[in-house]
Chemist: 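Could you have a look at this structure, given as structure tokens, before my questions?
So you know, we letter chains A, B, ... as the sequences are listed, proteins then strands, and number each from 1.
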2 protein chains.
Amino acid sequence: MSDVGLSAELVAVVLAVDDGHPWVLAAGEPPALPAGPLRVEEESLQAGVREFAREHSGFDLGYVEQLYTFADLGRSSDDRRMVSISYLGLTRAQIAGSVRPTDWSALYDLLPWEDRRHLDASGADRLGEEIERALRRWSIGSEERLDRCRFLFAYDERPWRPDLALQRYELLWEARLVAESPSAGSISALTAGPMLHDHRRILATGLSRIRAKLQYRPVIFELMPETFTLLALQETVEAIAGQHVHKQNFRRAVEVQHELVEPTGEVSHETGGRPAKLYRFRGSVREERAQVGTKLPLPR
Amino acid sequence: MSDVGLSAELVAVVLAVDDGHPWVLAAGEPPALPAGPLRVEEESLQAGVREFAREHSGFDLGYVEQLYTFADLGRSSDDRRMVSISYLGLTRAQIAGSVRPTDWSALYDLLPWEDRRHLDASGADRLGEEIERALRRWSIGSEERLDRCRFLFAYDERPWRPDLALQRYELLWEARLVAESPSAGSISALTAGPMLHDHRRILATGLSRIRAKLQYRPVIFELMPETFTLLALQETVEAIAGQHVHKQNFRRAVEVQHELVEPTGEVSHETGGRPAKLYRFRGSVREERAQVGTKLPLPR
DNA sequence: ACGGTTAATGCTCATCTTGAGTAAATGCTG
DNA sequence: CAGCATTTACTCAAGATGAGCATTAACCGT
């Protein structure tokens with residue numbers, strides 16, 4: 001076992017949604033995800049990540065899941081092999097009034113093309129059009145590249161698949177459109193500036209994962225407060241999915257999964273119109289076993 | 001960065017299906033998955049796994065995917081922290097006539113309860129009934145345990161979900177029904193004997209992963225020879241899923257995905273009855289981009 | 001050549017699921 | 001009280017899914 005030149009760290013993608021705005025724990029210049037050495041004493045990695053996130057953000061993680069282990073050479077500047085074990089964590093943090101709000105970054109500032117919530121209405125999508133022009137230019141002469149762009153970025157009437165965030169990042173990286181690309185051509189302010197090491201890739205991995213998971217497991221409840229209206233639930237899903245969903249169908253999907261939520265009996269008058277019933281997640285959802293098999297809809 | 005007492009290894013779950021029989025690269029006493037130290041020179045882990053599998057089995061891996069990284073303390077016998085990065089690999093190996101057939105184990109000898117292909121017909125399922133009795137005994141007095149058993153093992157008319165193989169293993173482990181459980185009660189020949197370290201858990205992780213993947217990506221083609229009949233394709237899916245599927249519906253699903261396979265024009269007379277058309281996968285499927293979005297059916 | 005056997009292949013049908021839209025209900029505000 | 005904003009209740013067509021019946025095409029032994 002050659003452990004010379006080997007070191008390991010934990011990297012966390014910690015997500016929170018505050019009133020429809022998705023946030024990720026990331027700060028600094030260049031922006032970096034929270035990361036730290038793997039301590040030898042730690043019993044389990046999972047527990048290590050939780051402790052680590054609490055120290056960093058002051059919030060408890062409701063949900064923790066391993067993402068991916070990066071260990072390729074050339075990831076770090078020095079000549080040792082760095083093994084990064086990355087985790088996804090979800091929390092109910094309220095960013096606005098939190099202790100250190102500057103620890104958080106707006107998720108879609110770091111991955112702007114992944115937010116398409118503005119699309120249905122108006123239509124002006126400067127960034128999207130700029131990316132499309134750049135990608136089509138990059139694809140000239142390669143049918144394969146063109147197909148890949150069409151598929152991932154939903155050109156030519158193809159459906160947009162939210163869960164392909166990682167593949168999109170990798171494509172943009174290859175096409176030299178993100179700041180981290182080797183000799184990046186840096187298209188306008190696509191990503192503002194580089195993130196530390198390969199942290200943006202790790203972030204994209206986390207976003208892909210939670211979006212995929214949303215389709216077959218109700219992980220959003222880890223992002224919701226104790227009680228909430230159905231609209232608030234929907235907006236949280238939309239914040240993660242980066243897309244709007246059909247309101248009536250969303251409600252139907254939620255209600256069909258009896259076992260998922262139950263009305264508290266209270267109503268909320270916050271929104272101005274007809275007051276909305278407040279709901280809470282049923283106890284059974286909070287236990288692992290029932291989570292598998294219930295789901296919330298993601299649009300195609 | 002504390003790298004004292006830290007070492008890393010690769011562990012591979014390499015699967016192959018030969019004429020409807022699923023195999024996994026695992027040998028020795030106790031049986032062990034192929035594993036080896038992470039070499040410092042290796043550029044990428046993925047490449048390391050491929051090379052490693054070629055050395056061990058003589059076969060090339062068509063598909064490689066990272067599974068999970070195990071790094072909890074107490075996994076190994078000595079007092080260092082062992083980080084195991086596990087991978088799933090698929091290959092077209094033909095076990096019977098291979099160089100070292102004894103390197104392979106029949107998949108369902110190691111996870112017998114995951115094969116339910118015999119169920120529809122006869123009905124005699126000694127192992128299943130034995131497990132059910134043991135689990136119900138274990139659940140006495142705990143509604144939560146009972147619910148979990150019912151859900152994972154499809155008791156009381158619940159549907160069997162092939163992709164929950166890992167969760168089932170973990171449940172059996174808790175219930176002390178597998179050989180690796182601490183102070184195992186060892187129910188009959190449930191698992192014959194322990195596997196090395198936590199290798200059976202890693203194997204179950206791999207099985208869960210490929211079964212889940214099958215539902216939204218046509219990964220089976222990595223297990224098929226160049227040309228094949230639709231029945232052969234179906235039997236390979238069934239081997240991995242551990243379940244039979246409705247023949248006509250399976251064909252419909254395959255044909256509907258027009259991008260997936262195309263007839264070669266040849267026919268096979270191997271089976272005795274009406275000769276079957278031979279098919280091959282379309283070129284587009286072999287490239288990453290098209291794989292996302294096509295799928296084969298798994299029964300509920 | 002012939003009836004029997006074994007699969008492959010073609011078609012139908014009821015049921016669910018999904019996407020999308022219309023309309024009614026409810027409480028607040030000026 | 002009228003108008004407004006939003007929640008909530010239904011409807012409908014299209015597509016996907018699960019299950020079964022019927023037909024066709026080869027081979028096999030006699």
Chemist: Checking Thr229(B) side chain against Lys277(B) main chain: does a donor-acceptor pair fall under 3.5 Å?
Modeler: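 It does not hold such a pair.
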Chemist: Measure from CG on Asn249(A) to C1' on dC16(C) and round the result to the nearest Å.
Modeler: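 These atoms are roughly 14 Å apart.
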Chemist: How long is the line joining CD of Gln257(B) and P of dT17(D), in whole Å?
Modeler: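 Whole-Å distance recorded here is 9 Å.
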Chemist: Is any NZ, NE, NH1 or NH2 atom of the basic residue among Glu235(A) and Arg117(A) found under 4.0 Å from an Asp or Glu carboxylate oxygen of the other?
Modeler: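 Salt bridge absent between Glu235(A) and Arg117(A).
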Chemist: Is a side-chain N or O of Thr227(A) found less than 3.5 angstrom from the main chain of Arg280(A), in a donor-acceptor match?
Modeler: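 No, Thr227(A) side chain to Arg280(A) backbone: no donor-acceptor pair under 3.5 Å.
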Chemist: Under the 3.5 Å rule, do the base of dG19(C) and the side chain of Arg252(A) count as making a donor-acceptor pair?
Modeler: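 Such a pair exists between side chain and base.
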Chemist: Measure the acute angle between the ring planes of Phe153(A) and Trp160(A), then classify it against the limits of 30° and 60° as parallel, tilted or perpendicular.
Modeler: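 Plane angle over 60°, so perpendicular.
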Chemist: Which whole-number value in Å describes the distance from Glu235(A) CD to dT6(D) P?
Modeler: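 Rounded to whole Å, this separation is 10 Å.
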Chemist: Can you check whether Arg251(A) has a side-chain N or O nearer than 4.0 Å to OP1 or OP2 of dA9(D)?
Modeler: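 Result: no.
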Chemist: Using whole Å, what does the distance between atom C1' of nucleotide dT9(C) and atom CD of Glu255(B) come to?
Modeler: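 It works out to 8 Å between those atoms.
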Chemist: Round to a whole Å and report the spacing from CZ of Phe250(B) to C1' of dA8(C).
Modeler: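 In whole Å, dA8(C) C1' and Phe250(B) CZ are 14 Å from each other.
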Chemist: Can you tell me how far the OH atom of Tyr108(B) sits from the NE2 atom of His118(B), to the nearest 0.5 Å?
Modeler: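 Going from the OH atom of Tyr108(B) to the NE2 atom of His118(B) covers 10.5 Å.
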Chemist: Does the pair Arg148(A)/Glu144(A) count as a salt bridge with the N-to-O cut at 4.0 Å?
Modeler: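 Salt bridge flag = no for Glu144(A) with Arg148(A).
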Chemist: Choosing from dA19(D), dA7(C), dT8(D), which nucleotide comes nearest the side chain of Leu231(B)?
Modeler: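 For Leu231(B), the side-chain atoms sit closest to dA7(C).
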Chemist: To the nearest angstrom, how far is Trp160(B) atom CH2 from dG18(D) atom P?
Modeler: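 From Trp160(B) CH2 to dG18(D) P: 18 Å.
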Chemist: Taking the six-membered ring of Tyr155(B), is NZ or CZ of Arg136(B) closer than 6.0 Å to its centre and within 45° of its axis?
Modeler: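 Pair Arg136(B)/Tyr155(B) counts as cation-pi.
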Chemist: Considering only nitrogen or oxygen atoms on both sides, find all protein atoms under 3.5 Å from nucleotides 21-24 of chain D and state each distance.
Modeler:
{"unit_1": "dC21(D)", "atom_1": "N4", "unit_2": "Gln248(B)", "atom_2": "NE2", "d": "2.4"}
{"unit_1": "dT24(D)", "atom_1": "O2", "unit_2": "Arg274(B)", "atom_2": "NH1", "d": "2.8"}

Chemist: With a 4.0 Å cut-off on N to O distance, would you call Glu114(A) and Arg211(A) a salt bridge?
Modeler: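 So Glu114(A) pairs with Arg211(A) through a salt bridge.
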Chemist: Give me, pair by pair, the N or O atoms of the protein and of nucleotides 28-30 of chain C that are less than 3.5 Å apart, along with how far apart they are.
Modeler:
{"unit_1": "dC28(C)", "atom_1": "OP1", "unit_2": "His269(A)", "atom_2": "ND1", "d": "3.3"}

Chemist: Between P on dT6(D) and NZ on Lys277(A), what's the gap in Å once rounded to a whole number?
Modeler: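 Rounded to whole Å, this separation is 19 Å.
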Chemist: Over how many whole Å does the gap from Leu230(B) atom CG to dG10(C) atom C1' extend?
Modeler: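 About 14 Å, once rounded to whole Å.
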Chemist: Check this for me, if you would: do Arg150(B) and Glu143(B) make a salt bridge, where the nitrogen-to-carboxylate-oxygen distance has to be below 4.0 angstrom?
Modeler: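 Yes, this pair counts.
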